[in-house]
Every structure is written in structure tokens, then in C-alpha cells.
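Per chain, numbering begins at 1; letters A, B, ... match sequence-line order. Everything numeric in this text was worked out from a predicted model, so none of it was measured.
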There are 4 protein chains.
Amino acid sequence: MAKPKSEDKRNAILASATKVFAERGLSAPTAAITSAARVAEGSLFTYFKTKDELINALYLELKLELSDAMMSGFPRKLGVRSRLEHVWNGYVDWGATHPEGQQVLRQIQVWGGLTESVKAASAAAFGEFDRIAEDAAAQKAFRDLPMPYIWAALATLADMTMDFMRRYPDQAGVYRVKGFELFWSGVARK
Amino acid sequence: MAKPKSEDKRNAILASATKVFAERGLSAPTAAITSAARVAEGSLFTYFKTKDELINALYLELKLELSDAMMSGFPRKLGVRSRLEHVWNGYVDWGATHPEGQQVLRQIQVWGGLTESVKAASAAAFGEFDRIAEDAAAQKAFRDLPMPYIWAALATLADMTMDFMRRYPDQAGVYRVKGFELFWSGVARK
Amino acid sequence: MAKPKSEDKRNAILASATKVFAERGLSAPTAAITSAARVAEGSLFTYFKTKDELINALYLELKLELSDAMMSGFPRKLGVRSRLEHVWNGYVDWGATHPEGQQVLRQIQVWGGLTESVKAASAAAFGEFDRIAEDAAAQKAFRDLPMPYIWAALATLADMTMDFMRRYPDQAGVYRVKGFELFWSGVARK
Amino acid sequence: MAKPKSEDKRNAILASATKVFAERGLSAPTAAITSAARVAEGSLFTYFKTKDELINALYLELKLELSDAMMSGFPRKLGVRSRLEHVWNGYVDWGATHPEGQQVLRQIQVWGGLTESVKAASAAAFGEFDRIAEDAAAQKAFRDLPMPYIWAALATLADMTMDFMRRYPDQAGVYRVKGFELFWSGVARK
DNA sequence: CATGAATGAGTTTTCATTCAT
DNA sequence: CATGAATGAAAACTCATTCAT
């Protein structure tokens, strides 16, 4: 059946796209990506029809990674605060270990070429978090704010906190904790 | 320090750069900018040596505008909360009236070509806000957080809030108020 | 002289090459041909060393088909006019039933990559028609014109007539007849 | 008013396009054209938005040249035969002096990318010849054939004749004359 | 100074051909 | 032999920047 399209190669391309985009922006030439992936220029296009499609795929990939990181080990049994803290930590820790991924995610978000279907798929992956919301609403733990707004607040604050953690690595742990406190105090009722 | 020929022309270029970048991203061709500004293609380069320099100048311009908007009518006499609320409202209102400027600001922030000197100049413009901090520290109004972190929190939360205001215009007023409450609760001591 | 594996596959490739070239021009990708032939991309190159060779082979194939169509049922016994009319009809009818083949033939003729050997082989196939000429010369049926010129006139006029037949299908029969009359009057002595 | 788009440069590009296309086919790279025209690669695109547009423009240009050549000195007063002969000679002589132009015209005709508007403009240029037809119809000089068919016959026969003239230059004069006779006998009543 | 044509390096993408499976 | 992924040399086109007018 000839050479099957290798998942490895696809991943290699996504990985170096992450690195190259982080360093040089989304306008980095595809040739930079393929050469970093040690792959022929043309090969990128056997895995992704266009550069835009690559960016969309990369976005989804990173988002799924991130959502995995946030959900893994999710403490269903604990209170809302603990659950949110788990999510916060998942987010922040993923960003700390995948700084390039996080940067690229930020760039893609302001980019403007995301397809609706990828946006939807990404939103779906984060849909799991709404279960937290359901409980929370029941417990009236939150201020009177729409859940999407609360999630968005968590995301931006976490992003921003990661910047500080990167800039002041020895204070990283402090920022991680205090960042969550800021968020929680802002969001919790009372 | 050069104010070459017509300040008007320079401003026209900056204005259409804002519009064009907002619509098409920073990778929009300079020709799109000059044609929108009804100016010759070459003229852009008599006012800005390179495209990168234009972007840097635009960044500074927008930041100064924004800081003006935030400071104008600043209530020196009122309490910390009121002062911060004034700043928040200034930010959010500027964003509401200058959506393109705000979008472009976001794009430039993730861009990667900002010169240190422009970053510094922009930071300087926001230095004024540190006076608030001094008082605030005196009053121990804030949690134990570095001021830059607090300012950054204000900025991201405001940015994000503006997104919601744009998306749900009839709830704009509500978001403006609740957004500040979220921020303040997150940041204020106790 | 090499009939590699399946004659079927070779023919499938030639057939879809005809179709694809007719639709998209000779610059159509080989991949379009193989996929239309339901054959692997690489297989084309086991039957034809290069794309140019495929085009040459296709040219010869179509020319042979055409000459067959023109010769089949050739009325050796009848007069020159009838014999030529038979040839004319054979040409025109083949073109009517194989519009794609005829179009492709035209494209290959202006192409510029035909090898001398294929040109020669094709000429040889049409050499049979010179027998008509021999008789004809004997009968002094033709004006004083070199036979190749006469054949060329027949071919172009037939090609052109087919265009009109395609464009005005309900007049097809008329064009077929009148076209031949034009040719014959142009070519016959007196 | 800066450097105005020079008609010269446009013509230089069209001229070398003619040469290059004649030698290498329409698939010749635009770079070959610009380098032959001693012009930067990009300059082609300031005069023609795309390669297709260049080909369309070239087609029109050549057609207009050809129609000029056919009409110049047109003998309005003479009989139909003489008028047609003038046209024939104009065609054939243009082809003899502009072999590349004629070849390129042939290639563009089988090409498939001509826009309707260019086809129309080209047809319009040849509309002048219909005056000949009007007279001719009055004089019942022609066989019962649609005029477009007659023009098409003239064109293909002339094209084909030019090929022979090129191949056998010392017989060129003979072919020119006999070619017309063939055409005229084919087309004239009686 | 303003203008916009000219430049050519750089970009994405295509495609004939090869070759590992 | 068949397969189709891999390759990388083009190719068309774009665009920041220069410079003749």
C-alpha cells in the first residue's frame, strides 16, 4: 500500500510549525517549517492543503492539548473553588511547559483566518467545563455573570499570569497562586 | 526630531494604517494603506523609514491616545476605587469608540517587532498611573501584588470585556460595570 | 518491443489522458490523468517514461485510429472523387464521434514536443493515402498541386468543418457535404 | 507625475512574449518573457495583472495587427475575387513576415483561456470584412455557404499555406497563388 | 517633497518524477 | 509490478523599498 501517510511526519510538521511560528510569527515561510521538520518543502502540502489549513490544524491541536492538560485528574468530588483551581493550574502549568504553544495560540487568536468549523470544534472541546458551571450555578458560587465571561476571564488572567511567570521565573509559584486568588475573588459571590 | 512636511499626511497614514491593519492584519500591504490614505505609495516612506517603523510609531500613537483617554478628568481627590474605576472606564470607553485602534494594539502586542525604545516610551506614558499606586500602597488598598501585575490584570480584563461589549452591544453597560467589579474584587484587599 | 504488464492499463491511461487533455489542456497534471484512469500516480511512469512520451504515444495512437477510420471500407474501385469523399467522411465522422480525440490532436499539433520518430510514424500511417494520389496523378484529376498540400488542405478543412458541425449540430449533415464540395472544387482540375 | 506607464515597455513585453511563446509555447515562464524584454520580473505584472491577461492582450494585439495588414489598401472598387485575393495576400504576407505572431495566434486559439470580451473585440475588428460579404451576396458570387464558414475556410487554408511557404521558401510565391486559387475555386459559385 | 513605475527577493503552491513499501 | 508519499525544482505572483520624473 505504498508509504502510508505517517502520523509521525504530520506531527513533526506541527511541532516545528509551533516552534517557527513562536519565533518568527505566523508570517514565517512554510519553507522554514519544513526545513526545521527535516522534510521536503512539498511535504507540508501533502499533509495540509494550504498554509491556512496548517494553521487551523495547529490551533485545534494545541487547544486539544490544552484542554487535556486542564481536565486530566479533574477532581469531580471537590468544591467549585478547588475544581476551578485545578483548571487554572492545568492551564498555567501547560503554558509553563509549552511556552511556544501558548504564544502561538495567542497569535492564531488574533489572526483572522480561523474557520468556523475549527472554532466550533475547539469550543466543543471546552464544553466539558460547562459541567463545572452547572454545579456552580446550583451552588450559587459565582457572582451574577455569564459563564462564558467567567471562562474568558480565567483564560486571559491565566495567559497574563504566564507572562509574568516567564519573566520572573523565581516568582513563578507565587504568581500561580496569587493569580488564581485574584481570579477567584473576582468571580466568587460575596 | 523631524516633523517632515505635513503633519496632516503623517496622520492620514497612521489613521488608514489603523483601519487597514484592523481589517486585514499587520501583513496588509503598505500600498493598501497609502491608497486608503489617498497618498502616493512612496510617501509612506518619507514619513516612516520602513513598514516596521510605521508599526512602531502607530503603536506608540495609539498607546498615547489610550493613556490620554484614561487620564483625562482623573479624579485625584477621590478614593482608590473611584480612581481605578475612572481608569477602567477610560480604557473601556476608548476601546468602544476606537474598536479598530484596540484591535490593532492587540495585534501589535503579539507581533514581535516592537523596539525596546518604543516599549519604553509606551511604558513611560503609563508611568503616570504609578502615582495611583503610591497612594494605594499607602492605603494598603490592594492585595499583596506587584503593581505591574495589577495594571496588567486591568488591561487584559478590560480588553476581554470590550470583546463582550462588542459582541453583545445591548449588554455593554452591564459588562462595563460588572467587569470593573470583578477586577476590583480580585485586586482589593480583603 | 515492450508490452509491459497490462495492455488494459496502458489503454486506460491513454483514454483518460485524451479526456483530461481535452478538458484541461496538455498542461493538465499527470495526477489528474491517473486518478481519472483509476490507477496509481506512479503507474503512468511504468508505461510511459515521461509525460512527453505519453503525449507522443497518445498522438500516434489517435492518428492511427483516425487513419483506420478513414481507410476502413475504402472503395478502391470507385473514382477519385468518391474515394476522396470516403476519406473526408471518414475523417469528419471520426471527429464527430471522437470530439475529444480530435481536440487533443489539435493541441498536440501546436505543442512543439513531438519527436521526429513519431512524426515519421504518423506520416507513414497516412502513406497509404498516397496510393490514391498515384491513381489520381494518372488520371490528372487534380490541379497542379503537390499531394501533401492537398492532404493538408483536406485535413484543415475537415477540422474546421467539424467545428461548425459541433457548433450547429442540426446543420451537421449539410456542412459535411458542402465542406467536401468546397474541398473538391478547390482541388479538382478545372 | 512620476514615471508614467510607458507604452514602450508594454510593447517590449508583448513583443518578447510573442517571441518566447513562439519558441517555447504558452507554458513558457513569465520570467523568460521579462528577461527577454530586459525588464524586471515584477514589471510584467504592472502592465498585465496576470499571465492570462497578458495572453489575452497579446491575442487582441496580434489580431488587430493582422486585420490591419489584411485591410490596408483594400480595393473597394474591384470585383469580389480581387478583393478576396487582396485579403488572402494580406493574411499570408503578414504571416510570412510575422511567423512568430502567426504561430502564437494558433496556440492561443486552442488555448482555452480567452475571455468573451476579447473574443468579441477581435470579432469586431474582423467585422469590416462583412462588407465584402454584403456585396458578394448581391453578386451571388459565392456558393450557398454561410459567410462565417467562408471566412473560416480562408483562414485555415491561409494558415496551412503559410506553413508550406515556410517549409519550402523558394516555392513560397507559388503556394501563395495556388493556395488562393484553391480557396477561390472552392468557394465561388459555378 | 510628491508621485507611482520599477525592481527583484521572497512566498506559497504545483507537479513530474522517484522510490520505499 | 503497483502504490502513493516524498521530493524539490520551478512558477506565478506579491510587496517593501527605491528612484527617475
Side-chain angles (χ1 to χ4, degrees), chain A residues 1-6 8-10 13 27-35 37-54, chain B residues 4-6 9 27-35 37-55, chain C residues 4-6 9-10 27-35 37-55, chain D residues 1-6 8-10 13 27-35 37-55:
Chain A
M1 206 209 286
K3 238 170 284 174
K5 261 193 245 189
S6 98
D8 276 8
K9 197 156 289 187
R10 194 188 126 99
I13 292 170
S27 63
T30 53
I33 295 165
T34 52
S35 95
R38 302 201 166 266
V39 150
E41 286 192 37
S43 291
L44 192 153
F45 297 92
T46 67
Y47 289 89
F48 308 96
K49 265 198 296 291
T50 65
K51 188 185 185 183
D52 280 19
E53 192 179 300
L54 164 67
Chain B
K5 258 299 140 66
S6 110
K9 200 159 286 190
S27 62
T30 53
I33 294 166
T34 52
S35 95
R38 303 194 164 275
V39 152
E41 281 189 45
S43 293
L44 191 153
F45 296 91
T46 69
Y47 291 91
F48 309 95
K49 260 200 298 293
T50 66
K51 189 186 185 184
D52 280 17
E53 192 179 302
L54 163 67
I55 297 176
Chain C
K5 257 301 141 62
S6 111
K9 200 160 282 189
R10 193 186 127 101
S27 62
T30 54
I33 294 166
T34 52
S35 96
R38 302 192 165 276
V39 151
E41 282 189 45
S43 293
L44 192 153
F45 296 92
T46 70
Y47 292 92
F48 309 94
K49 263 201 297 291
T50 66
K51 188 186 185 184
D52 279 19
E53 193 179 300
L54 163 67
I55 297 176
Chain D
M1 207 208 288
K3 236 171 285 173
K5 262 194 241 190
S6 97
D8 276 7
K9 198 156 286 188
R10 193 189 127 101
I13 293 171
S27 63
T30 54
I33 295 166
T34 52
S35 96
R38 302 198 164 267
V39 151
E41 285 192 38
S43 291
L44 192 153
F45 297 93
T46 67
Y47 289 89
F48 309 95
K49 265 198 295 291
T50 66
K51 188 186 185 184
D52 280 19
E53 193 180 301
L54 164 67
I55 297 176

For this session: For DNA chain F, list all stems, counting runs of three or more consecutive pairs where every pair is Watson-Crick or G-U wobble with both distances under 3.5 Å.
Result: E:2-21 with F:2-21
Exercise. Can you name the side chain to side chain contact (heavy atoms under 4.5 Å, CB included) partners of D/Tyr47, sequence neighbours left out?
Worked result: D/Lys5, D/Ser6, D/Lys9, D/Arg10, D/Ile13
For this session: Kindly give the heavy-atom pair with the smallest separation between C/Ser43 and C/Val39, and that separation in Å.
Result: CB-CG1, 3.3 Å
Exercise. Is any side-chain nitrogen or oxygen of B/Thr46 closer than 4.0 Å to OP1 or OP2 of E/dA2?
Worked result: yes
Problem set entry | Value in whole Å for how far the P atom of E/dA6 lies from CD1 of D/Ile13 | 8 Å
Problem set entry | Length of the line joining B/Leu44:CG and F/dT18:P, which is rounded to integer Å | 12 Å
Exercise. Taking only side-chain nitrogens and oxygens of B/Tyr47, does any of them come within less than 4.0 Å of OP1 or OP2 of E/dA2?
Worked result: yes
Problem set entry | Pairwise salt bridge (charged side-chain N to carboxylate O under 4.0 Å, His left out) hits with a residue in residues 37-51 of chain B, at least two apart | B/Lys49-B/Glu53
For this session: Report the nucleotide, chosen from F/dT3, E/dG8, F/dT7, that has the shortest atom-to-atom distance to any side-chain atom of C/Lys9.
Result: F/dT3
For this session: Look at the side-chain N and O atoms of B/Ser43 and state whether any lies under 4.0 Å from the OP1 or OP2 oxygen of E/dT3.
Result: yes
Exercise. How long is the gap from CG on B/Leu54 to OG1 on B/Thr30, to the nearest 0.5 Å?
Worked result: 9.0 Å
For this session: Provide, to the nearest angstrom, the distance between the CD1 atom belonging to C/Ile33 and the P atom belonging to F/dG4.
Result: 17 Å
Exercise. Between atom CD in A/Glu53 and atom P in E/dT12, what is the gap in whole Å?
Worked result: 15 Å
All N/O pairs under 3.5 Å across the protein-nucleotides 13-15 of chain E interface:
| residue | atom | partner | partner atom | Å |
| --- | --- | --- | --- | --- |
| E/dT13 | OP2 | A/Lys51 | N | 2.8 |

For this session: Map A/Ala40 and B/Ala31 onto DNA chain F by nearest heavy atom, then report which one ends up closer to the 5' terminus.
Result: A/Ala40
Exercise. Base, sugar-phosphate alone, or nothing: which one does A/Phe48 contact when heavy atoms must sit under 4.0 Å apart?
Worked result: nothing
For this session: Using atom CZ of A/Arg38 as one end and atom P of F/dG8 as the other, report the distance to the nearest whole Å.
Result: 13 Å
Exercise. Can you list the residues that meet the side chain to side chain contact (heavy atoms under 4.5 Å, CB included) rule with C/Ala32, with sequence neighbours excluded?
Worked result: C/Val20, C/Arg24, C/Pro29
